[in-house]
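Structure record follows, encoded as structure tokens.
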2 protein chains.
Amino acid sequence: MNIGEASKLSGLPPKTIRYYEDTGLIAPPARAENGYRNYTDTDVHKLRFVRHSRGLGFSVDECSQLLSLYEDKDRQSGDVKAIAQKHLTEIDEKIKELQELRSTLHHLVNTCHGDGRPDCPILEGLADPASVQ
Amino acid sequence: MNIGEASKLSGLPPKTIRYYEDTGLIAPPARAENGYRNYTDTDVHKLRFVRHSRGLGFSVDECSQLLSLYEDKDRQSGDVKAIAQKHLTEIDEKIKELQELRSTLHHLVNTCHGDGRPDCPILEGLADPASVQ
DNA sequence: CTTGCCCTTCCAGCAACTGGAAGCTTATAT
DNA sequence: ATATAAGCTTCCAGTTGCTGGAAGGGCAAG
């Protein structure tokens, strides 16, 4: 099938599929006589795998490792779990970071009148965070 | 003062300060006779403002708007609040997104033995998310 | 006078795409 | 049959927010 069809089935834009090929994340597919990329169901399967991995926030590099493990029938599930566990930890850190940031921002927003007057605790807080602590 | 001193006082790396100048976020400072950038306390004050704004996750473009409002003594605090409120909403969305993603990933990680055997629910979940629902 | 640090500019690269141009081929409509 | 549109190809550039490095000049200490 052409890239457009593979795109529909995998849920990845054609541009992204080509990009993944360029960067080596996915192997180049066969080519038809007219030069068009020719994808198999297996190819699409892997593209879907990558889309789901990226959707869970794995980096392209991590996706590459996961895909290798997926294709290796002698893999050790511990290797997969290690990658996932590390990513989970990073997500937890990111969430924590955002929540702290949200808390500060929420406080600032709450204390600002938000009217036509110029005095603004948000700007004061940005100029000098200590002033709102 | 030179850029190194401004860097220490503002908490921004010299590279970043120059970058902010290049992109128009902050106005070019005066220059000494030897061509070195010459920062005033006011300049440093604005650099700190930008660092705090960026630290709260505002984009450089939003920082630019906030800085303009900070410098405008006839500003309306409602304009500031609108920017902050919008950003807060985006943070909330981001947190929600990450939490959902975390939940899925956590579930996958928990169901994987993580040993020397090849069977792996994580890979199965990435290949076909429906299989783990 | 040389060592070493600070400053200058400019160019390149990171992640992960996305948009657009120029030029094919194929499908559809008249 | 032909005109047009859609889909495919490659390649280059831009996005966001820096960061690293090279090449060269300034300046103080030993």
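Just so you know, these numbers come straight off a predicted model, no measurement behind them. Chain A is the first sequence line, chain B the second, and so forth, proteins listed ahead of strands; every chain is numbered from 1.
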Can you tell me the distance, in whole Å, between the [atom1] atom of [X] and the [atom2] atom of [N]?
X: B:E5; N: C:dC6; atom1: CD; atom2: P; result: 12 Å
X: B:M1; N: C:dC7; atom1: CE; atom2: C1'; result: 16 Å
X: A:R31; N: C:dT25; atom1: CZ; atom2: C1'; result: 14 Å

Rounded to the nearest 0.5 Å, what separation is found between the [atom1] atom of [X] and the [atom2] atom of [Y]?
X: A:N110; Y: A:L105; atom1: CG; atom2: CG; value: 10.0 Å
X: A:I95; Y: B:E97; atom1: CD1; atom2: CD; value: 10.5 Å
X: B:S53; Y: B:H87; atom1: OG; atom2: NE2; value: 9.5 Å
X: B:L56; Y: B:L88; atom1: CG; atom2: CG; value: 10.5 Å

TODO: Starting from the 5' end of DNA chain D, give me the residue, B:N34 or B:P13, whose nearest nucleotide shows up first.
DONE: B:P13
Task: Near-strand residues of residues 84-97 of chain B, defined as heavy-atom separation under 4.0 angstrom from DNA chain C - done: none
- [ ] Treat each ILVMFWY residue as a node, draw an edge where side-chain heavy atoms are under 4.5 Å apart, and state whether B:Y36 and B:M1 are in one component.
- [x] no
Task: Partners passing side-chain hydrogen bond (donor to acceptor under 3.5 Å, both in side chains) against A:D119 (at least two apart in sequence or in another chain) - done: none
Task: For A:E5, side-chain hydrogen bond (donor to acceptor under 3.5 Å, both in side chains) partners two or more places apart - done: none
Open item on the list: If I compare all heavy atoms of B:G57 with all of A:L101, which pair ends up nearest, and what's the gap?
Closed with: N-CD1, 4.4 Å
Task: Atom of B:L108, atom of B:I122 and distance for their closest heavy-atom approach - done: O-CG1, 3.6 Å
Please report, to 0.1 Å, the donor-acceptor pairs under 3.5 Å made by any side chain of residues 11-18 of chain B, with sequence neighbours excluded.
none

Sort me out a list of protein N/O and nucleotides 14-17 of chain C N/O pairs below 3.5 Å, or just none if empty.
residue, atom, partner, partner atom, Å
C:dA16, OP2, A:V60, N, 3.4
C:dA16, O3', A:R54, NH2, 3.4
C:dA16, N7, A:Y19, OH, 3.4
C:dC17, OP2, A:Y20, OH, 2.6
C:dC17, OP2, A:R54, NE, 2.7
C:dC17, OP2, A:R54, NH2, 3.4

- [ ] May I ask you to say whether A:K94 pairs ionically with A:E90, meaning some side-chain N is under 4.0 Å from a carboxylate O?
- [x] no
Return a table of donor-acceptor pairs under 3.5 angstrom between the side chains of residues 21-32 of chain A and protein atoms on other chains or two or more places apart.
residue, atom, partner, partner atom, Å
A:E21, OE1, A:R37, NE, 2.7
A:T23, OG1, A:Y19, O, 2.9
A:T23, OG1, A:Y20, O, 3.3
A:R31, NH1, A:G35, O, 2.9

Task: Degree of bending, the helix from C:dC1-D:dG30 to C:dT30-D:dA1 (end axes from five pairs; round to 10°) - done: 10°
Task: First and last nucleotide of DNA chain D, 5' to 3', lying under 4.0 Å from heavy atoms of chain B - done: D:dG17 to D:dC27
- [ ] Any pair with a residue in residues 40-54 of chain B that passes salt bridge (Lys or Arg N to Asp or Glu O under 4.0 Å), sequence neighbours left out, goes on the list, sorted by first then second residue, please.
- [x] B:K46-B:E71
Between side-chain atoms of residues 77-84 of chain B and protein atoms elsewhere (two or more places apart, or another chain), which donor-acceptor pairs fall under 3.5 Å?
residue, atom, partner, partner atom, Å
B:S77, OG, A:G114, N, 3.4
B:S77, OG, A:D115, N, 3.1
B:S77, OG, A:D115, O, 3.4
B:S77, OG, A:D115, OD1, 3.2
B:S77, OG, A:R117, O, 3.2
B:K81, NZ, A:V109, O, 3.4
B:K81, NZ, A:C112, O, 2.7

Open item on the list: Which residues pass the ring pair (Phe, Tyr, Trp, His ring centres under 6.0 Å) test with A:F49, not counting sequence neighbours?
Closed with: A:Y70
Open item on the list: Let's see if you get this right: which residues in residues 35-46 of chain B place a heavy atom under 4.0 Å from DNA chain D?
Closed with: B:Y36
